Amino acid sequence: APATSTNEPGDEDAASPANLVTPVQLRSGYNYLTKYGFLPKPNPLAGSLLSHEEFNEGIRAFQEFYRLPVTGVLDQSTSSLMELPRCGLPDIMPDEDGTRKRR
Amino acid sequence: YAHTGAKWDRREITWKIRNYSPDLTTSEIIDALRNALQIWGDAIPNTFRRVHVGSADIEISFSVGLHQDDYPFDGPGGTLAHAFFPGDDLGGDAHFDDDEQFTVNAYEGTNLFIVAAHEFGHSLGLGHSSEITSLMAAFYQGYKPNYELPYDDHVGIQSLYGARQGSIPSLPDVPIAGAPPGPPRPDLPVPNTPEPGPDPHCANSYNAIAKIRGELMLFKGKSFWRMNMKGEPLEGYPIDTSRFWDQLPVKLDAAYERIDDKILFFKGSSYWEYFSTNRDPSFPHPIRELGLPDDIDAALPWGDTGKTYFFKGDLYWRYDEIKKEVDSGYPKKVADNWDSAVPSNMDTAFRFIDVETKTWYTYFVRSKKYWRFDESRGKVDKGYPRSFSEDWMGC
């Protein structure tokens with residue numbers, strides 16, 4: 001079963017410092033979101049930086065997909081779910097044109 | 001559930017084991033994989049045939065790290081397995097990370113049956129579901145003995161391949177198809193305050209509504225909706241009636257579950273009997289053999305009394321299911337013995353209980369409106385008619 005969260009949407013404590021994750025979790029969070037389709041894969045032929053907004057959008061997409069409180073922040077409940085063993089297929093499949101779309 | 005856009009276009013799907021994991025005996029692996037396929041095969045009309053030589057639609061292998069596809073495994077934990085959607089070459093194949101400790105029990109390691117059942121869902125064309133309790137949710141959820149395919153997956157796979165005869169998705173707490181109906185549950189909803197439903201495909205009116213196995217089934221044209229015991233429309237509906245009830249005519253006049261658990265459907269001058277989803281091959285029969293007129297509007301079974309009310313126009317008949325005849329003195333005028341507010345030429349009627357007040361209500365539906373008849377007072381409540389789709393379907 002997924003980790004449960006006591007944070008409800010709009011809960012002010014959801015993004016409190018105590019509820020945020022470490023840089024290591026942040027990095028693995030980025031890898032996770034990329035691997036499972038919530039963020040676009042980096043283009044190897046072009047240097048690219050991911051903005052905070054894009055990263056948070058990826059978190060938000062993951063939270064929406066799994067019906068977690070949608071904070072856009074990599075909080076503990078989100079990170080806990082990401083740590084569960086799982087299937088290797090992406091949750092969101094890229095379309096032929098490279099855009100991401102739930103299928 | 002999510003479809004990927006891919007599916008097998010043949011009924012028989014072949015599978016093959018390319019190698020085995022050292023974690024389990026050969027027979028344990030074969031049984032786990034066969035059972036994992038069969039949990040899907042029990043829901044859909046397709047069959048799975050194991051082959052030992054040549055290629056197969058679903059080829060199964062155990063490997064670690066890089067293994068000749070673009071998706072290397074990552075050691076213990078993390079990714080457990082992956083599979084490819086239906087198609088040529090790798091399509092359908094399932095790969096298991098042999099760095100996991102695969103088991104066949106519920107208490108330790110990673111249960112191979114559960115992982116395989118999930119992967120074979122991909123092999124058949126399902127993507128990951130956002131319903132976290134479903135088999136097709138991406139996360140490993142452990143194994144429970146006597147595992148049953150969850151509702152979300154059941155509907156998802158049947159909407160791709162159709163339903164195996166008699167295979168009806170069951171919700172938790174919902175009696176299985178074919179089981180006799182129990183007494184009214186104490187936790188039935190307050191009917192006039194249903195939860196808003198997520199299904200956007202609401203109809204403006206319904207041909208027939210029947211309480212079957214405790215659930216409300218709402219029929220319109222060739223489709224039906226399903227409402228669980230909490231009065232919530234179920235996701236994934238409407239679907240074609242033909243996926244549950246073989247050869248059922250469209251645009252029904254009426255439907256009800258009889259005291260002997262048979263399900264009866266009426267249309268025009270004929271009626272059909274089904275047990276669960278199986279049609280009695282001797283049907284249809286003419287409605288007139290019941291002593292009723294053609295083209296009835298509604299059928300309303302009255303609890304376990306063995307009496308069923310049939311409505312047409314402004315008249316109603318009381319039918320004795322034991323004696324198999326209409327009681328003497330019928331038909332009577334609806335307005336005389338129910339309430340003058342009850343609509344004539346109704347579309348359908350059904351009963352539901354308000355658990356808070358322990359009051360049974362009869363609901364009469366015509367076009368977009370419904371009337372609530374308080375059985376204890378013998379009157380239609382004030383404030384009615386109201387919008388059926390708004391109150392019941394959350395539209």
Side-chain angles (χ1 to χ4, degrees), chain A residues 1-9 24-25 27-44 58-70 76-103, chain B residues 1-6 63 65 67 69-85 90 93-97 99-102 109-111 114-123 125-142 144 156 198:
Chain A
T4 57
S5 168
T6 55
N7 294 326
E8 297 299 330
V24 172
Q25 287 175 304
R27 188 158 54 249
S28 63
Y30 168 76
N31 292 336
Y32 187 100
L33 293 171
T34 306
K35 182 175 182 180
Y36 294 115
F38 297 99
L39 284 174
K41 293 202 165 159
N43 183 348
I59 294 288
R60 193 171 288 113
F62 177 82
Q63 291 167 332
E64 281 177 357
F65 191 93
Y66 286 110
R67 303 178 193 176
L68 296 171
V70 181
Q76 285 295 353
S77 63
T78 305
S79 182
S80 297
L81 189 56
M82 290 179 172
E83 287 166 9
L84 291 177
R86 59 165 287 160
C87 173
L89 255 61
D91 297 326
I92 297 178
M93 311 297 292
D95 267 3
E96 290 175 1
D97 61 2
T99 58
R100 290 173 299 125
K101 189 184 291 181
R102 170 97 193 277
R103 306 181 81 162
Chain B
Y1 60 86
H3 292 159
T4 60
S63 50
H67 56 279
D69 63 22
D70 290 337
Y71 309 96
F73 286 131
D74 56 1
T79 298
L80 306 177
H82 57 229
F84 296 86
F85 304 133
L90 281 172
D93 292 358
H95 300 165
F96 296 85
D97 184 352
D99 276 330
E100 311 303 334
Q101 182 65 44
F102 286 110
T110 303
N111 183 275
I114 284 291
V115 176
H118 173 99
E119 298 307 330
F120 294 153
H122 291 315
S123 300
L126 292 178
H128 282 154
S129 170
S130 57
E131 170 51 54
I132 204 74
T133 61
S134 70
L135 176 60
M136 292 313 295
F139 305 100
Y140 176 70
Q141 300 179 55
K144 292 176 189 167

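Small disclaimer: the values here were computed from a predicted structure and weren't measured. Labels below follow one simple rule: chain letters A, B, ... track the order of the sequence lines, proteins then strands, and each chain is numbered from 1.
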*Can you tell me how far the CG atom of A:Leu89 sits from the NE2 atom of B:His118, to the nearest 0.5 Å?*
7.0 Å
*Please flag which part of B:Phe85 lies under 4.5 Å from any non-hydrogen atom of chain A: side chain, backbone, both or neither.*
side chain
*Under the side-chain contact (heavy atoms from CB on, under 4.5 Å) rule, collect the residues that match up with B:Ala83, sequence neighbours excluded.*
B:Ala94, B:Glu119, B:His122, B:Ser123
*How would you list all residue pairs meeting salt bridge (charged side-chain N to carboxylate O under 4.0 Å, His left out) that involve residues 126-141 of chain B, not counting sequence neighbours?*
A:Arg67-B:Glu131
*Which portion of B:Ala138 sits near chain A, non-hydrogen atoms under 4.5 angstrom*: both
*asked:* Let me confirm one number: the CZ-OG1 distance from A:Arg86 to B:Thr79, rounded to the nearest 0.5 Å.
replied: 7.0 Å
*Checking B:Asp74 against chain A: side chain, backbone, both or neither under 4.5 Å from a heavy atom?*
side chain
*Please tell me if the side chains of B:Ile132 and A:Tyr66 come closer than 4.5 Å, counting only heavy atoms from C-beta onward.*
yes
_Inter-residue atom distance B:His128.NE2 - A:Tyr36.OH, 0.5 Å rounding_ = 8.5 Å
*Could you tell me which non-hydrogen atom of B:Phe139 sits nearest to which non-hydrogen atom of A:Leu81, and how far apart they are?*
CE2-O, 3.2 Å
